[in-house]
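Throughout, residue positions are numbered sequentially from 1 according to the sequence presented.
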Amino acid sequence: MATGGLKTIESRYGPAETVTRLEAQIQSHGLTLFASIDHAAGAAEAGLPLRPTTVLIFGNAKTGTPLMQADQLIGIDLPLKALVWRDGDGKTWISYNDPVWLANQHDLPIEAQQLASGILSGLEVVVQKAAGSP
């Protein structure tokens, strides 16, 4: 499923296990995990209900920097992020921004768009493995 540059795939696992699997895949692919933000925990601290919703922020300077060299403003969308969330039917999903879509939104030159295409290919492998997709 893709909407406006946002890609979403269903996970075979629950939210906590999906987050753990995604963290492991991020690290095993040589990416740096910068942060994990548990929005549901923050909501609980505020006394508000929220289904499991966790954002992982990650990236690799070797691939992200050339995009920012093409146009520093793409830095507002980097590092990459993935959202692990459970819907009202109890299904777990992983959503992430398509790097090619981001490169197009920032009107990056063709070389940077080609690099974004390679980033997308790697990102899809990471997400699919974390979600247990074939």
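In this structure a side-chain-to-backbone donor-acceptor pair under 3.5 Å is present from D87 to G90. Put simply, the side chain of K81 gets close to the backbone of P79: a donor and an acceptor are under 3.5 Å apart. Under a 3.5 Å cut-off, the side chain of D89 and the backbone N or O of K91 do not form any donor-acceptor pair. For R12 (side chain) and G132 (main-chain N/O), a donor-acceptor pair under 3.5 Å exists by modelled atom type. S133 contributes no side-chain N or O that, together with a main-chain N or O of K129, makes up a donor-acceptor pair within less than 3.5 Å.
When every heavy atom of L33 is checked against every heavy atom of E23, the shortest pair comes out as CD2-CG, 3.7 Å. A pairwise comparison of heavy atoms in A103 and A116 identifies CB-CB, 3.8 Å as the closest pair. The shortest heavy-atom contact between T65 and A61 is OG1-O, 2.7 Å.
Residues L31 and V125 do not share a hydrophobic cluster, clusters being chains of Ile/Leu/Val/Met/Phe/Trp/Tyr side chains in contact below 4.5 Å. One hydrophobic cluster, built from ILVMFWY side chains closer than 4.5 Å, holds both L115 and W101. M68 and F58 fall within a single hydrophobic cluster, where Ile, Leu, Val, Met, Phe, Trp and Tyr side chains are chained together by heavy-atom contacts under 4.5 Å. Note: the hydrophobic cluster containing L123 also contains I9 (ILVMFWY, side chain heavy atoms under 4.5 Å, direct or indirect links). Residues I37 and W93 fall within the same hydrophobic cluster, defined by Ile, Leu, Val, Met, Phe, Trp and Tyr side chains chained together at heavy-atom separations under 4.5 Å.
Side-chain contact check for T92 and S11: no donor-acceptor pair (N or O, by modelled atom type) lies under 3.5 Å. Side chain to side chain, H29 and N60 fail the donor-acceptor criterion of an N or O pair below 3.5 Å.
Taking CH2 from W85 and OG1 from T53, the interatomic distance works out to 9.0 Å, rounded to the nearest 0.5 Å. Summarising the geometry, atom CD1 belonging to I74 is positioned 12.5 Å from atom CD belonging to Q69; distances are rounded to the nearest 0.5 Å. Here the straight-line distance linking atom CD of Q105 with atom CG of D71 works out to 12.5 Å at 0.5 Å rounding. Between atom CG of residue L50 and atom CG of residue D38 there is a gap of 8.5 Å, rounded to the nearest 0.5 Å. Rounding to the nearest 0.5 angstrom, the gap separating the CG atom in L22 from the CD atom in Q27 is 10.0 Å. One finds the CG atom of L102 at 12.0 Å from the OH atom of Y96 (value rounded to the nearest 0.5 Å).
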Open item on the list: Determine whether L67 and I119 satisfy the following criterion, side-chain contact (heavy atoms from CB on, under 4.5 Å), listing intermediate values before the conclusion.
Closed with: CA-CA 11 Å; L67 298 178; I119 294 169; 3.7 Å; yes
Task: Trace of the side-chain contact (heavy atoms from CB on, under 4.5 Å) decision for T18 with I94 - done: CA-CA 8 Å; T18 299; I94 302 173; 3.6 Å; yes
Open item on the list: Using side-chain contact (heavy atoms from CB on, under 4.5 Å), reason through T54 and L83 one step at a time and then give a plain yes or no.
Closed with: CA-CA 6 Å; T54 301; L83 178 71; over 6 Å; no
TODO: Determine, stepwise, if the pair K7 / S95 fulfils side-chain contact (heavy atoms from CB on, under 4.5 Å).
DONE: CA-CA 5 Å; K7 294 188 170 222; S95 299; over 6 Å; no
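Counting heavy-atom neighbours within 6.0 Å of L48 CG, excluding the residue itself, gives a total above 12.
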